[in-house]
Amino acid sequence: CQRKEAIVYYKKNAKADGKEIGDILVWQGEEVIDVLYRKRLEHNLTITQQMSLFSDICDQVDVYCKRSRAAVYKQVVNKDDFEGEYEHGKGNSTCPRKHCGWRFVAGYENKLMKDTIVPFMNKDGTIEWFKDTRFVGILLLFVLFVNRILVSVLFRLPLIRRFRASAAPLKWSHYLVLLSGATVATSYIYSQFVEPVPAIDAAMHAFMGKMPDLEVLEGEQVADAVLAWANEAQKEHHPLLRKHIHWALISETCDKQWGEMPHLKDFCKRDKAYESLDFGSINVKGIEHKLNYFKNPNATLEEELEEGRLEEKAAEICERLVPPMNNCEVDIAKHMKDQYEGFERDRASSKKMYKRLGVLGDSSAGEIYMAAGRTMSKLGSNFAPFARVDNGTSVHHDWDMRVNYAQAISAGLAELMVEKDREWYDKPCEPVFGGAMCAKKDAAGNMMIEMGGGED
C-alpha cells in the first residue's frame, strides 16, 4: 500500500498520429481532458489530436469522462486573501492577523486560560498591540530587568560565590552574552503572544475564508469564468460582483500569462464578461459537448452574424467532435441562430432586469442606462428620457405587451442605478413556499419575502 489514489487509465509510450507524447496517466478524481490538455501544451498537439485521444480513452468501459473541455486554469480562492483595499500590481495590500495560534490549543480546562488570558487575547486590537514595535522595546527592557535580578540572586548563592572567587572577574564580553540571552528570551516570549503555532493560523485561514474554486475552461475567457464563479459564490458570500475580489481575480489570473502560464494569453482577450447563452448540447459516442455561446452585450444578432461570430463558434465546436459530423458547421450554426432568435424573443418577459436589458452583473451604471435606452427603442415606447415626449401618444396601445415590458423596465431601472440597492437586487433569492415566492436575508438576518420565485 504505497499510495492512496487509484489509477483510472495508463498507457505507456502513447502516440498521437504517430507522434510520441510519452506516458498518459490519469489518476482517480482527475479529468481525462485535463491530462490531455497538458499533453497538448507539452508536445504542441492540435485540438483534433487532443480530442482523438480523448475519444479513444473515454471509449473504455471503466473510464468516466465528465467534461469534454479542459480546465486551463484552477485556483483555490480564499476570501480573506482579498480583504482590504486591493492595489493593482501590489497584490493583497493588507494581510491582518486574525488568529492567535495558541488560543486554539491552550486548553479551556485551565481556569487561568479560560477566565483571563483567552478573553483578553480575543479582544479587538489585542494582537495589534502585541505586534507594535513599542511593545517589543518594553518587553526587552522587562527581560533585561528580570535578567539582572536573576544574575544578582544567582551570584549570591554559595556555589556560585565559590566559583567566582576562583574565576577571573566578569568582562564586557560576558555581559554581551547575557544580553544575547535576554534577546533570545524576548523573541521567544514575543512569539508566544503573536504566532507560536502558525499551522493553526493557516488552517483557520483556509477554513474560514474558503470559497468555491475558480475554474477556467477551454472556450471561455477569464472574465466569463470569474463572473460565473461570482454568481455561484454569492449564494454564500454576498456581495462579490463588482467588488475588488471580482476585479482582482481577473487581474491576477491574467497577469500570469507573462510568467509561468503563457497559455493564458488566449483566455485574457477582454476584461469584461460576455453574456453566456445555453444552446443545449450534442452527444457524440456518449460524450456530451455543450453548446455554450458568449454574446457581446453591446452587439445585436445582426451584428454578430455579420461579423461571423456564430460561424466561428460552430467551427470551434465541430473541431472538437470525433468522429467529425457531416455538414457539422452549417447545421450547428443554424441551430445556434434559431436558439439565439428565440432567446431574444423571450428576453423582454424575463424576471431578471439584467436579462431584459442584455447586460451582466459586472456592467457599470452607465452601461445599464444605455442598454435601457436601446431596449426602450426596440419596444417602440415613448418613455422619457429614452424617447421624445410629444403629446403623450405611444407607438403601441396601452394594452400592448411591449408597453407593459417597457413600463416594467422603467420601474425597475432605478434599483440598478444605486450601488447599495443594486447589491440587494444581486443578492441570491432562495425559493420558498414551493417556489411561489423567494426570500432574501437582510444584514440583521431577517427574511424578506419577494413575489415571483428566484431565477428564470
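Every heavy atom of this structure was used, including side-chain atoms; hydrogens, water molecules and symmetry mates were not.
A donor-acceptor contact shorter than 3.5 Å is absent between the side chain of E288 and the backbone of N283. A donor-acceptor pair is defined here as one N or O able to donate and one able to accept, closer than 3.5 Å; no such pair exists between the side chain of Q257 and the backbone of C268. Between the side chain of R320 and the main chain of S68, a donor-acceptor pair closer than 3.5 Å is present. Put simply, the side chain of Q234 never gets that close to the backbone of K427: no donor and acceptor are under 3.5 Å apart. For the pair W229 (side chain) and P212 (backbone), a donor-acceptor distance under 3.5 Å is present. Of the possible polar contacts, none joining the S410 side chain to the A406 backbone as a donor-acceptor pair under 3.5 Å is found. Using a distance-only test at 3.5 Å, with no hydrogens or angles considered, no donor-acceptor pair links the side chain of S55 to the main chain of M51.
K243 has a carboxylate O that lies under 4.0 Å from a charged side-chain N of E423, or vice versa, which qualifies the two as a salt bridge. A salt bridge links E367 with K272: at least one charged nitrogen is closer than 4.0 Å to a carboxylate oxygen. A salt bridge links R38 with E30: the distance from a Lys NZ or Arg NE/NH1/NH2 to an Asp or Glu carboxylate oxygen falls below 4.0 Å. K285 has a carboxylate O that lies under 4.0 Å from a charged side-chain N of D59, or vice versa, which qualifies the two as a salt bridge. Salt bridge present: D34 and R67 bring a charged side-chain N and a carboxylate O closer than 4.0 Å. Salt-bridge formation is detected for the pair E344/R347: a Lys NZ or Arg NE/NH1/NH2 atom is positioned less than 4.0 Å from an Asp or Glu carboxylate oxygen. A salt bridge links K313 with E316: the closest approach of a Lys/Arg side-chain nitrogen to an acidic carboxylate oxygen falls below 4.0 angstrom.
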Open item on the list: Between D278 and K290, does the salt bridge (Lys or Arg N to Asp or Glu O under 4.0 Å) criterion hold? Intermediate values first, please.
Closed with: CA-CA 8 Å; D278 184 0; K290 293 184 178 180; over 6 Å; no
Open item on the list: Working note: F279 + Y340, criterion side-chain contact (heavy atoms from CB on, under 4.5 Å); need CA distance, chi angles, decisive distance, verdict.
Closed with: CA-CA 8 Å; F279 291 159; Y340 197 137; 4.0 Å; yes
Task: Trace of the side-chain contact (heavy atoms from CB on, under 4.5 Å) decision for I368 with M417 - done: CA-CA 8 Å; I368 293 174; M417 292 292 101; 3.7 Å; yes
TODO: For side-chain contact (heavy atoms from CB on, under 4.5 Å), just list the numbers for H237 and K79, CA-CA rounded to whole Å, side-chain angles, deciding distance to a tenth of an Å, and then say yes or no.
DONE: CA-CA 9 Å; H237 303 276; K79 191 174 184 179; 4.1 Å; yes
Open item on the list: The test is side-chain contact (heavy atoms from CB on, under 4.5 Å); show your working for K269 and Q221 and say whether it passes.
Closed with: CA-CA 7 Å; K269 295 181 178 179; Q221 290 290 304; 3.5 Å; yes
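Residues L277 and K295 have side chains in contact (heavy-atom distance under 4.5 Å, counting atoms from C-beta outward). Side-chain contact between V8 and W27 is absent, with no heavy-atom pair separated by less than 4.5 Å. Under the 4.5 Å side-chain criterion, counting only non-hydrogen atoms from C-beta, L360 is in contact with P297. Residues Y10 and K12 form a side-chain contact, since some pair of their non-hydrogen atoms from C-beta on lies under 4.5 Å apart. In this structure, S350 and D346 have side chains that are not in contact, with every pair of non-hydrogen atoms separated by 4.5 Å or more. Within the 4.5 Å cutoff, the side chain of L217 has no heavy atoms near those of the V72 side chain. Residues I33 and Q50 form a side-chain contact, since some pair of their non-hydrogen atoms from C-beta on lies under 4.5 Å apart. Within the 4.5 Å cutoff, the side chain of H289 has heavy atoms near those of the I287 side chain.
Between Y354 and D426, the side chains place a donor N or O and an acceptor N or O closer than 3.5 Å (distance only, hydrogens not considered). Side-chain atoms of Y274 and D224 form no donor-acceptor pair, as typed in the model, at a separation below 3.5 Å. A donor atom on one side chain and an acceptor atom on the other are found under 3.5 Å apart for Y293 and R309. Under 3.5 Å, the side chains of Y73 and Q75 contain a donor-acceptor pair of N or O atoms.
Counted within 6.0 Å of NZ on K19, heavy atoms from surrounding residues, nucleotides or ligands total more than 12; the atom is thus considered enclosed. Shown here is E419, whose CD atom has more than 12 heavy atoms of other residues, nucleotides or ligands within 6.0 Å. Other residues, nucleotides and ligands contribute at most 12 non-hydrogen atoms within 6.0 Å of the CD atom of E236. Remark: E306 CD is loosely packed, at most 12 non-hydrogen atoms of other residues, nucleotides or ligands lying under 6.0 Å away. For NZ of K11, the number of neighbouring non-hydrogen atoms (other residues, nucleotides, ligands) closer than 6.0 Å is 12 at most.
From E304, atom CD reaches atom NZ of K337 across 13.0 Å, with rounding to the nearest 0.5 Å. W247 CH2 to R242 CZ: the interatomic distance, rounded to the nearest 0.5 Å, is 8.5 Å. Note that CD of E215 is 8.0 Å distant from CG of D213, once rounded to the nearest 0.5 Å. With values rounded to the nearest 0.5 angstrom, L227 atom CG is found 8.5 Å from S363 atom OG. Atoms CG and SG, on L36 and C58 in that order, are 8.0 Å from each other to the nearest 0.5 Å. Here the OG1-CZ distance, from T300 to R374, works out to 9.5 Å after rounding to the nearest 0.5 Å.
When all heavy atoms are compared, the tightest approach of V216 to A225 is CG2-CB, 3.8 Å. Residues K39 and I21 share a closest heavy-atom pair of NZ-O, 2.9 Å. Summarising the geometry of A273 relative to D362, their closest heavy-atom pair is N-OD2, 3.0 Å, with the distance given to 0.1 Å. Across E218 and F267, no two heavy atoms sit closer than the pair CA-CE2, 4.1 Å. Here the shortest heavy-atom pairing between A233 and M211 reads CB-CE, 4.1 Å.
Under a cutoff of 6.0 Å and an axis angle of 45°, R345 and F343 do not form a cation-pi pair.
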